[in-house]
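Have a look at the structure below, then the notes.
By convention in this document, chain letters (A, B, ...) are assigned in the order of the sequence lines, proteins followed by strands, and residues within each chain are numbered from 1.
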Number of protein chains: 2
Amino acid sequence: MSPQQRSATVAERLREKSGELTAAERKLMATLFANYPMAGLVSITEFARVAEVSTPSVLRLAKKLGFAGFPSFQEELRTELSAQLQNPISKHDRWAADAPDAHILNRFASAALENLSGSLKLLDHRAFDATVGLLADRKRRIHVAGGRITQAIASYLVTHLQMARPGVSLLPATHSFWPQYLLDIGKQDVLLMFDIRRYDARMLEFAASAEVRGARIVLITDQWISPIARLAVHTLPLRIEAPSSWDSNIVPLFVAEALVAATVNANWRETEARINELESLSETGRRNK
Amino acid sequence: MSPQQRSATVAERLREKSGELTAAERKLMATLFANYPMAGLVSITEFARVAEVSTPSVLRLAKKLGFAGFPSFQEELRTELSAQLQNPISKHDRWAADAPDAHILNRFASAALENLSGSLKLLDHRAFDATVGLLADRKRRIHVAGGRITQAIASYLVTHLQMARPGVSLLPATHSFWPQYLLDIGKQDVLLMFDIRRYDARMLEFAASAEVRGARIVLITDQWISPIARLAVHTLPLRIEAPSSWDSNIVPLFVAEALVAATVNANWRETEARINELESLSETGRRNK
DNA sequence: TACAATCTGAAATTATCGCTTCACACACCG
DNA sequence: CGGTGTGTGAAGCGATAATTTCAGATTGTA
């Protein structure tokens, strides 16, 4: 297909102008993309109501995109949809529109999908639930550890868990601090470790020391399973393959987020109070929103 | 509710009644089926004109099919189309074995999929490619910045980009270091920023300062689009909703990984050498441990 | 802090749509 | 040939949608 400048889709025009959109216009863009293009195929009044802006704002957006008015804008949406309905929709609609199937975004998306569904089949949801039970237990302190690559995921988990409950800390990246950190690990504490391929020998050593001190170890690892599993009370094996030089940590992040959400749910009363308190503390220095 | 409670599609109702349709109504039916259902999603006037009948005939047909009026008829067409356009993805085949559908893991998986496919529709793959072009350009230094939550994702990206190329650094989390960090940002440098909702005012300030110094800003944000978009040469909007108290950063991580993989591909020769060198250095380090 | 520029939505205005009415057309009968 | 029933669209009447106007709100700037 030849690159026709004039027949740019509404979606393309929107993306092109996305930098110069006002707040109300961005709301409209978000609303439209949330259900593209059906959301724009209602009356201007309805569209404005759904996006929670005024009708003039809709009109201004349509004009900014180069249309004579709202009807022209809608006509273009209808034409696009018509054209799209002619050819078999199937997967093109699903992934990045226009981009070739071989585009890295689509290849990565396929891999992520495979990893996610593969991991969910691989892991035992009872182990997950039991882990949540440990994380939600406020009598236990929580220590999170990650390797060179997974450190970022561990840090992300800690940031969120700290919002949900007290007594959460992250093992520093610097190995030389580990011995002194070990002193703070006591009986009944939980040590949640991320250890994926290229298993770090020092992580294993650390796990062994923590286990001796009575810590409960939970391991998040890959499908080949880190040797730390021998020491762990629960092991969550995941799939991490990616069309890249390195593994994908999307699923580990997924599990981290799910653990946080489940932990919050398990102990909503106390957590809610904590979150609200955090909110009010944050808003002290902030204005609106 | 309304008498037309049965869930028959407009097409089905039409075929059912096809025996008792008048001449004008058959013309309308033919017109609608010629481009179903788009032909019916225009104004009653236009629909009548295309079918070469009068507007009252359209109305009579709508009522004959059991609708209160033309708007109800059209609403039904829209609903059908919406349902048809829904991603076939939503019908995911049993995720975690045994676990109930309502289990947090499955709910999170659904949300992740929605976010992923939604983001890919929202994303402009040319903006992605252009960003890769910037990241792969070794004449430019790369600076990566993240907010309170996205800092971990930014850090993950930096860890990987540093393996792929020189001149990559992470903006420290501590705000007080930012002014001096700014000194290192020069013309042609790339500033890749993660800014998702609860947009950080200081991030915007920092972006503005960097832009003044001539940096090219690439923004990874959510579907509501951070105000930094005004300063950015490329903006990658993503969907981040999750069944949790906080947003999901799975898709931002996905994009980070895809950016790394694409950057590596874009410059394979040099990158390969660098990775090999890194490998040998790590081996040495391990033996000396 | 004041001023200018920009953004936003309430209200007023205009255009268009959806619907009703009704006269006419065309059958099929007695 | 009228009479009767059904189908059709022109014309017009609200009702709603689309657009314009304008004043207040917000934001950036000196």
Contact between B/Ile142 and B/Leu135 at the side-chain level, heavy atoms closer than 4.5 Å - yes or no? yes
Just by protein heavy atoms under 4.0 Å, how would nucleotides 19-24 of chain C read 5' to 3' in B, S and -? BB----
In whole angstrom, what separates A/Gln74's CD from C/dA15's P? 20 Å
Check this one for me: any side-chain N or O of B/Ser57 less than 4.0 Å away from OP1 or OP2 of D/dG9? yes
For B/Ala48, which contact category applies under a 4.0 Å heavy-atom criterion: base, sugar-phosphate, or nothing? nothing
With a cut-off of less than 4.0 Å, is there a side-chain N or O of A/Thr22 near OP1 or OP2 of C/dT8? yes
Point-to-point distance, once rounded to the nearest 0.5 Å, from CG of B/Asp222 to CG of B/Leu236: 12.5 Å
How many Å lie between CZ on B/Arg49 and P on C/dC17, as a whole number? 11 Å
Please answer whether the main-chain N or O of B/Ala127 pairs with a side-chain N or O of B/Thr131 as donor and acceptor at a distance below 3.5 Å. yes
Nearest to the side chain of A/Ser43, which nucleotide is it out of D/dA18, C/dG18, D/dG9? D/dA18
Taking the six-membered ring for Trp, are A/His103 and B/Phe128 closer than 6.0 Å centroid to centroid? yes
Could you measure the distance from the CZ atom of B/Arg230 to the CD1 atom of B/Ile225? Nearest 0.5 Å is fine. 11.0 Å
For the pair made of CG in B/Leu204 and C1' in D/dG28, what is the distance, rounded to whole Å? 12 Å
Can you measure B/Phe47 atom CZ to C/dG18 atom P for me and round it to whole angstrom units? 12 Å
Residue closer to the 5' end of DNA chain D, B/Lys64 versus A/Thr45 (nearest nucleotide): B/Lys64
Rounded to whole Å, how long is the line connecting atom CD of A/Glu52 with atom P of C/dA10? 12 Å
Touch class at under 4.0 angstrom, heavy-atom based, for A/Val58 against every strand present: nothing
Distance from B/His160 atom NE2 to B/Arg165 atom CZ, nearest 0.5 Å? 16.0 Å
Nearest-Å distance, CD (A/Glu46) to P (D/dA17)? 9 Å
Specify the separation, in whole Å, of atom CD of A/Glu20 and atom P of C/dT6. 13 Å
Which residues pass the side chain to side chain contact (heavy atoms under 4.5 Å, CB included) test with B/Asp189, sequence neighbours left out? B/Arg141, B/His143, B/Ile185
Let me know the distance between CZ of A/Phe67 and C1' of D/dA18, rounded to the nearest Å. 16 Å
